[in-house]
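Here the structure comes first, spelled out in structure tokens, and everything after it is commentary.
In what follows, chains carry the letters A, B, and so on, assigned in the order in which the sequence lines appear, proteins first and then strands, with residues in each chain numbered from 1.
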2 protein chains.
Amino acid sequence: MPESSARERIVDAAFDLFAERGYDATTVEDIAARAGVGRTTFFRQFRSKEHVVFPDHEQLLTAIAARLATATPRTAVVGVSEAAGLVLQHYLDEGERARRRYRLTRSVPALQERERAGIRQYERTFNRHIHGWLGGAPESLLRAELIANAVVTGHNHVLRAWLRGQLATASEARRAFRAAMAEVESHVDVPGREAAAPAEALPAVLVLRDAGDLDRLLPQIRDLLG
Amino acid sequence: MPESSARERIVDAAFDLFAERGYDATTVEDIAARAGVGRTTFFRQFRSKEHVVFPDHEQLLTAIAARLATATPRTAVVGVSEAAGLVLQHYLDEGERARRRYRLTRSVPALQERERAGIRQYERTFNRHIHGWLGGAPESLLRAELIANAVVTGHNHVLRAWLRGQLATASEARRAFRAAMAEVESHVDVPGREAAAPAEALPAVLVLRDAGDLDRLLPQIRDLLG
DNA sequence: CGCCTGCACGGTACGCCGTACCGTCTAGGC
DNA sequence: GCCTAGACGGTACGGCGTACCGTGCAGGCG
């Protein structure tokens, strides 16, 4: 009888079986049997068959939130970068299991969607904090979302490169991550500079051959020019 | 026997039943029965119970791709804006059904994820075209993804505001959409902006042969003017 | 010691989804 | 008038996720 916890045994059994027979051909009962656990216990540990592929997701999410909670508007840039770096570092520490998961998610659409759902939770966590740093006004909602998206996109870009083996070592991955964060900051306006000036009122004449729909079109023209 | 197509009857029956009993309490068999159709036909028309909530998704996706295919690096800015505008316009045309879907997706997590999966397909379509306009080099992959994310995020922001009733009329929604696209362009570097034709503050006479195309042409006109 | 309580576990049964397969019906070409 | 293709409804099945039940084990109490 192994000393490891039931949860860990379930995860190992699941990844092994997925690698042997594939995801669809493996039933939850198979996983539970190999882990020496009942089917009920499986669903007590993981909400669904998909969730077992991302066993540390919730833990990561709380770690991110904790890191972001210590940042202020002044330290926002380094805060989001480090919070995203937590995720990257976790995958680097995971090593081979991370790459097995990558192969799995590549080949199983349901797992791809599950992964995206998790990523979206990261985005929302970033979004909430960034929006707070921007003042919490409704006008800055869009901007906070743009920044959060950009940070997570930059992180995922580097993570995927490492998972594919395009970045050999962990330190190389971390260096690429810093470069990606710099590129994100260069393309997305993180500090507060104002938007471009509104367009000047230029004279224009629209001549419409068919005046029948003019009443319907005029409001559009008006709010376009005004 | 109704004259409407089976597909349309299925969609109507589904939305009605979802509103009456809720999503989870409605089975596929219920929907098929009310639509006067066999359960098999339901799954022939829609891949899953979730897909029936977004019946026009594939059609919209191809419309976006078609619009983007006609753009060049020079007209990229107006191209992405109009392609995203197609989605907004579709929802505006849909009217009450769009708002029923919004209430549904708000309350059913599975539908939220399904919607996000669809949005992600939009993003990928934008991504491919933008990446091509940027030259197709691997170095511009991240930038293309950032831009695609930003455009889709801006669109969704306005769409949600309209769905919530914060934007009363369709023209108000379209104006907010143009403002959001402008904000997106001000925060991220969209290609084609620097290559746009220089503006000359001169009066112009525009003769449109077919006034029905005005909605499609106005953003280009605006781009030429300023 | 015996008993009671709480809790995690395994087992069982069920509803439903999504798929595969079947026979039937109808439109349209030869 | 016949024949083939394709859409349809019906049926059966595997599997997921949930609800519920009984069991075993640890620990507090008289």
Can you tell me how far [atom2] of [N] sits from [atom1] of [X], to the nearest Å?
X     : N      : atom1 : atom2 : answer
A/R7  : C/dA8  : CZ    : C1'   : 15 Å
B/D24 : C/dC14 : CG    : C1'   : 16 Å
A/F43 : C/dC14 : CZ    : P     : 18 Å

Quick one: on DNA chain D, does A/T40 or B/V37 contact a more 5' nucleotide (nearest heavy atom)? B/V37
Ion pair check, B/E185 and B/R178, cut-off under 4.0 Å: no
Between B/R97 and B/D12, is there a side-chain N and carboxylate O pair less than 4.0 Å apart? yes
Under the 6.0 Å and 45° cation-pi test, does B/R164 pair with B/Y102? no
By a strict heavy-atom criterion of less than 4.0 Å, which residues belonging to residues 45-55 of chain A are in contact with DNA chain C? none
If we ignore hydrogens and angles and just use 3.5 Å, is the side chain of B/T75 paired with the main-chain N or O of B/A71 as donor and acceptor? no
Less than 3.5 Å apart, which donor and acceptor atoms pair up between the side chains of residues 29-38 of chain A and the rest of the protein, not counting sequence neighbours?
residue: A/D30; atom: OD1; partner: A/T27; partner atom: OG1; Å: 3.3
residue: A/D30; atom: OD2; partner: A/R21; partner atom: NH1; Å: 3.0
residue: A/D30; atom: OD2; partner: A/T27; partner atom: N; Å: 3.1
residue: A/D30; atom: OD2; partner: A/T27; partner atom: OG1; Å: 3.1
residue: A/R34; atom: NH1; partner: A/E20; partner atom: OE2; Å: 3.0
residue: A/R34; atom: NH2; partner: A/E20; partner atom: OE1; Å: 3.3

Give, ordered by number, those residues of residues 27-34 of chain A having at least one heavy-atom distance below 4.0 Å to an atom of DNA chain D; if nothing qualifies, reply none. A/T27, A/V28
If you define the side chain from C-beta out and look only at heavy atoms, does anything of B/T105 sit under 4.5 Å from B/F54? yes
Residue whose closest nucleotide on DNA chain C lies nearer the 5' end, A/F42 versus A/R39: A/F42
If only side-chain N and O atoms count, and only distance matters, is there a donor-acceptor pair under 3.5 Å linking B/D93 with B/Q89? yes
Using a cut-off of under 3.5 Å, enumerate the N/O to N/O pairs linking the protein to nucleotides 21-25 of chain D.
none

Does A/R124 CZ have over 12 foreign heavy atoms under 6.0 Å away? no
Among pairs that include at least one residue of residues 114-173 of chain B, which meet ring-ring contact (aromatic ring centres under 6.0 Å, His included), considering only residues two or more places apart or in two chains? B/H57-B/Y122
Nearest heavy-atom contact between A/S107 and A/R103 is OG-O, 3.1 Å
Could you list the residues that satisfy ring pair (Phe, Tyr, Trp, His ring centres under 6.0 Å) with B/Y23, not counting sequence neighbours? B/F18
